[in-house]
Asker: 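Got a structure here, written out as structure tokens. Questions coming.
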Amino acid sequence: MNAELSAKERAHQLLAAMTPREKVGQLIQPFGWTTYSNEQGKAVLTETFKEQVKQGDIGSLYGTLRADPWTGVTLATGLSSAEGAEAVNEIQRYAVEHSRLGIPLLIGEECSHGHMAIGATVYPVPLAIGSTWNVELYRQMCRAVAAETRAQGGAVTYSPVLDVVRDPRWGRTEECFGEDPFLIGEMAVASVQGLQGEDLSKGDAVAATLKHFVGYGSSEGGRNAGPVSMGWRELIEMDLYPFQQAIKAGAASVMPAYNEIDGVPCTTSQRLLDGILREEWGFDGLVITDCGAIDMLASGHDTAEDGQDAALQALRAGIDMEMSGEMFSRHLLSAYESGELEAEVLDRAVLRVLQLKFRLGLFERPYADSQRAADIIGCDEHVQLARQLAAESVVLLKNDGAVLPLPKNIGKVAVIGPNADRGYNQLGDYTSPQPEGSVTTVLRGLKARLGEERVLYAPGCRIRGESREGFESATQIASQADAVVLVMGGSSARDFGEGTIDLRTGASKVTDEDVSEMDCGEGIDRMTLELSGVQLDLIREVHAAAQGKPMVVIYIGGRPVAEPWVEEHIAALLQAWYPGQEGGHAIADILFGDVNPSGRLTISIPKHVGQLPVHYLGKRSRGKRYLESDSKPQYPFGYGLSYTSFDYSDLQISSDQLSIQQLEANKNVTATVNITNTGQQAGAETVQWYISDVVSQITRPANELKGFQKVWLEPGESQTVTFEIGAEQLRYIGVDYIPVIEPGSFIIKVGRHVQDTQSIHFTVGKE
């Protein structure tokens, strides 16, 4: 209990006082919501939990305040912000006062785009966050998420997700920042800095857990947790890069992925967990499995004979804690007592758990402040931050004839589509139940702007299903309106008891025949990128009924949409992803020009699913076309339109040549370009810098993002943007799998997106 000692010293002292059973207990993490019941707003601990604490059989809890259909915690049975803090305090107090050594529990929570607890602020999903290209704004969001989570006693978050997306059919695409490792790495650093703050022991900091380590976004066919067939060079350069950047930033925890790479499950990959993570990168934090990952070794991967074999393989490979499984609790103690589990292997894992608890200050300050929780969770400042992030994340894909922004004095607007007024469809996966009125849908956002009398509404159809009974109502209001806004896309909403919508009135109804609308999210992978159900048919009929009136299609969803008919016939197209609780206000602001769209794609959108993979980092040798079409995406990486225009001029470089020795001595050259807002409206341009290695021993992508800057300019304003080019930008993984700078020619490119750049040449000399 001597706080003057280091966390490592304190952990060693505590370890020396522990029994084998208490040691094993520190590696075990039950579901937190099962440890108590809510009795009129007060947490009453279960007898099972109390007994576990007394026996030293528990070291952590998962999702203590998590609320969703999986946990069964609803608005009716869940806890308010202050009550949640008191519940965690009650749990923590019992652990401290009734365990033999008074060791506090590690409370781990899901916080991918906001703490997954009732009342917490719901921000846009990571795919939308990536589309902002605003690293500082994301850092601010992570500070806010950390403050809300720690205010209720949560000390660890199982985020950020740093997977590189190769196939957007994958249901977890929405949880990722995109397809480019450099951009993901920038977001990774911001996440660690924002979540962990300057001191993990402070009341506004939580330990970040990097996931899923590694290759999880590259599974066969985009099927969740499927095998990954990838060479080690690509793994090091692409998928491992964001994790390495986050480890350098001080991330406290890492979660291995479910998948296997070249036949070895990540959960038991000593090459990854000990070789790369700890030995090469010097990581000394906690490694925790994903939920059920150890079970998969014996039932799925089939690399373990039984549960004990699976548990021992994982622990020996470098796993320190099992997330909410039963393999460690069933097998480790008996294996230790029989001599099959080595004492040093067990102690190694326990030390890492204890060290993190000491770093978090749990021994000095184990309890939350319920008044602070009530004050800060969902506060106005965080809501405004959610609105700004949503506004900056929306990507204007198409605006033929300057349909947008709509005139502010427009008459009536028809708002049509299954995502126009379904709050949960706007939030994405890993979202808690929402109190009435906490989510501003597109319909609500437009009504707040225009007034009830100027907005007509019809859902038209569901996300899924074949019913066209709402088409007539939709086409009627389209013919009556002065402009039409179609809000289509997908849904990652699990069953929150909303029921279905009356396709004629838009009212909610609950029946025994309710059908899930979910077509995205964890475990929901698709064969196609087309709109589900009869959404395309609805768009066609509304388009015919609108008779040339201004029409806008807005996609809300967790993956790109590839619909050639929409591309050909609809003049204005917005990609909003899942924009969070303030998405309706943000979209309304964009539709009427109060906000100039500045989102840029972080994932390439194909013309057709048959083009996949279409991510921009493909090699030069990947081929030019198919029989039916070329291989270029419909919308390339980095793409996004604005209501204004930007001119790039005077691209210069401070020196057109440096030697390898100069680069290795940290000498850089500077590239500059002038950006001018040549339009009539203030706006933001994301200036993107790419490097192309002309000739290399190992084949390279034609273009690689190496820098970006979001620039805000008034009409007529210019700004010079600078890009530093040095060893870090020019290295790649060479023949012997070691980073190398090769002599030769490079092309420095700058522009609006990967297919619209200016270039200048640079040479690396041998001497």
Asker: Sequence neighbours left out, cut at 3.5 Å: what donor-acceptor pairs do the side chains of residues 281-297 make with other protein atoms?
Answerer:
from   : atom 1 : to     : atom 2 : distance (Å)
Thr289 : OG1    : Met323 : N      : 3.0
Asp290 : OD1    : Tyr258 : OH     : 3.3

Asker: Got a salt bridge between Glu39 and Lys42, using NZ or NE/NH1/NH2 to carboxylate O under 4.0 Å?
Answerer: no
Asker: Begin with the C-alpha distance, continue with both residues' side-chain angles, and end with the deciding distance and a verdict on side-chain contact (heavy atoms from CB on, under 4.5 Å) for Ile733 and Ile738.
Answerer: CA-CA 5 Å; Ile733 304 301; Ile738 295 175; over 6 Å; no
Asker: Work out which heavy atom in Thr74 is nearest to a heavy atom in Ile118; give both atom names and the distance.
Answerer: O-CD1, 3.4 Å
Asker: Between Phe49 and Tyr36 (judged by ring centroids, cut-off 6.0 Å), do the two rings come close enough to count as a pair?
Answerer: no
Asker: At what distance, to the nearest 0.5 angstrom, does CG of Leu341 lie from CG of Leu312?
Answerer: 6.0 Å
Asker: Could you tell me if the side chain of Ile28 sits less than 4.5 Å from the side chain of Ile58, heavy atoms only?
Answerer: no
Asker: So, Gln313 side chain and Thr303 main chain: donor-acceptor pair closer than 3.5 Å or not?
Answerer: yes
Asker: List the atom of Gly84, the atom of Gln152, and the distance in Å for their closest heavy-atom pair.
Answerer: CA-NE2, 3.7 Å
Asker: Taking the side chain as everything from C-beta on, heavy atoms only, tell me whether Cys266 gets closer than 4.5 Å to Leu272.
Answerer: yes
Asker: Is the shortest distance from a Lys or Arg side-chain nitrogen in Asp429 or Arg494 to a carboxylate oxygen in the other one below 4.0 Å?
Answerer: yes
Asker: Are side-chain heavy atoms of Pro30 and Gln52 found at a separation under 4.5 Å?
Answerer: yes
Asker: With a 3.5 Å cut-off and no angle check, do the side chains of Gln244 and Glu280 form a donor-acceptor pair?
Answerer: no
Asker: Are Glu9 and Gln355 side-chain neighbours, meaning at least one heavy-atom pair lies under 4.5 Å?
Answerer: no
Asker: Ignoring hydrogens and geometry, is there a side-chain-to-backbone donor-acceptor pair from Arg330 to Gln308 under 3.5 Å?
Answerer: no
Asker: Between Arg271 and Trp232, is NZ or CZ placed under 6.0 angstrom from the six-membered ring centre and within 45° of the ring axis?
Answerer: yes
Asker: So, taking the atom named CD1 in Ile129 and the one named SG in Cys176, what distance separates them when rounded to the nearest 0.5 Å?
Answerer: 13.5 Å
Asker: Would you give the length of the straight line joining atom NZ of Lys8 to atom CG of Leu354, rounded to the nearest 0.5 angstrom?
Answerer: 13.0 Å
Asker: For the backbone of Pro168 and the side chain of Arg559, can you confirm whether one donor and one acceptor N or O come within less than 3.5 Å of each other?
Answerer: yes
Asker: Between Gln196 and Ala205, which heavy-atom pair has the shortest distance, and what is it?
Answerer: O-CB, 3.3 Å
Asker: Please evaluate residues Glu234 and Arg166 with respect to the criterion salt bridge (charged side-chain N to carboxylate O under 4.0 Å, His left out), reporting the C-alpha separation (whole Å), side-chain torsions for both, the decisive distance (0.1 Å), and the verdict.
Answerer: CA-CA 12 Å; Glu234 182 180 358; Arg166 301 298 205 292; 2.8 Å; yes
Asker: In the structure I gave you, are the side-chain heavy atoms of Pro256 and Ser269 within less than 4.5 Å of one another anywhere?
Answerer: no
Asker: Lys50 vs Glu47, test: salt bridge (charged side-chain N to carboxylate O under 4.0 Å, His left out). Steps then yes/no.
Answerer: CA-CA 5 Å; Lys50 290 180 179 179; Glu47 294 303 316; 3.6 Å; yes
Asker: Tell me, please, which residues at least two apart from Glu522 pass side-chain hydrogen bond (donor to acceptor under 3.5 Å, both in side chains).
Answerer: Arg172, Tyr430
Asker: Is a side-chain N or O of Asn89 found less than 3.5 angstrom from the main chain of Ala368, in a donor-acceptor match?
Answerer: yes
Asker: Could you state the interatomic distance from CG (Asp495) to OG (Ser516), rounded to the nearest 0.5 Å?
Answerer: 7.5 Å
Asker: So, Ser432 versus Gln434: side-chain donor-acceptor pair below 3.5 Å or not?
Answerer: yes
Asker: Is there side-chain contact between Ser229 and Glu220, with heavy atoms separated by less than 4.5 Å?
Answerer: yes
Asker: Measure the acute angle between the ring planes of Trp33 and Tyr62, then classify it against the limits of 30° and 60° as parallel, tilted or perpendicular.
Answerer: perpendicular
Asker: Restricting to non-hydrogen atoms, name the atom on Ser492 and the atom on Gly521 that form the minimum distance, rounded to 0.1 Å.
Answerer: OG-N, 3.4 Å
Asker: After noting the C-alpha distance and the side-chain angles of Met255 and Phe213, does the key distance pass the side-chain contact (heavy atoms from CB on, under 4.5 Å) rule?
Answerer: CA-CA 6 Å; Met255 179 186 294; Phe213 191 73; over 6 Å; no
Asker: Please check if the side chain of Asp309 supplies one atom and the backbone of Glu305 the other of a donor-acceptor pair under 3.5 Å.
Answerer: yes
Asker: State whether the number of non-hydrogen atoms from other residues, nucleotides or ligands found under 6.0 Å of Glu340 atom CD is greater than 12.
Answerer: yes
Asker: Is a donor on one side and an acceptor on the other found under 3.5 Å between the side chain of Asn38 and the backbone of Gly78?
Answerer: yes
Asker: Report the distance from atom CZ of Arg348 to atom CD1 of Ile319, rounding to the nearest 0.5 Å.
Answerer: 10.0 Å
Asker: Any salt bridge between Glu22 and Arg100, counting N to O under 4.0 Å?
Answerer: yes
Asker: Would you call Ile91 and Val53 a side-chain contact if the rule is heavy atoms closer than 4.5 Å?
Answerer: no
Asker: Does Thr34 reach the main-chain N or O of Phe31 with its side chain, forming a donor-acceptor pair under 3.5 Å?
Answerer: yes
Asker: Taking all heavy atoms of Asn224 and all of Ser219, pick out the closest pair and write down the distance.
Answerer: N-OG, 4.4 Å
Asker: Given Asp519 and Arg464, is the side-chain contact (heavy atoms from CB on, under 4.5 Å) satisfied, shown in steps?
Answerer: CA-CA 8 Å; Asp519 71 349; Arg464 299 170 62 187; 4.2 Å; yes
Asker: For Val73, is there any backbone N or O sitting under 3.5 Å from a side-chain donor or acceptor partner on Thr77?
Answerer: no
Asker: Would you check if Thr209 and Thr157 make a side-chain contact, meaning some heavy-atom pair closer than 4.5 Å?
Answerer: no
Asker: Which distance, rounded to the nearest 0.5 Å, do you find between the CG of Leu235 and the CG of Asp262?
Answerer: 10.5 Å
Asker: Between Val24 and Val350, is the side-chain contact (heavy atoms from CB on, under 4.5 Å) condition met? List the steps.
Answerer: CA-CA 8 Å; Val24 170; Val350 179; over 6 Å; no
Asker: Report yes or no: do Gln29 and Ser60 form a side-chain donor-acceptor pair below 3.5 Å?
Answerer: yes
Asker: Provide the closest heavy-atom pair for Met230 versus Ser218 in the form atom of the first, atom of the second, distance.
Answerer: CE-OG, 3.4 Å
Asker: Is the closest basic N to carboxylate O distance between Glu110 and Lys211 below 4.0 Å?
Answerer: yes
Asker: Under 3.5 Å, is there a donor-acceptor pair between the side chain of His113 and the main chain of Tyr123?
Answerer: yes
Asker: Would you call Arg150-Glu109 a salt bridge at under 4.0 Å N-O?
Answerer: no
Asker: Salt bridge or not for Glu364 and Arg10, using N-O below 4.0 Å?
Answerer: yes
Asker: Under 3.5 Å, side chain of Arg365 to main-chain N/O of Leu360, donor-acceptor pair present?
Answerer: no
Asker: Salt bridge or not for Lys23 and Asp320, using N-O below 4.0 Å?
Answerer: no
Asker: Under the side-chain contact (heavy atoms from CB on, under 4.5 Å) test against Phe177, which residue among Val164, Asp163, Leu127, Ile184 passes?
Answerer: Ile184
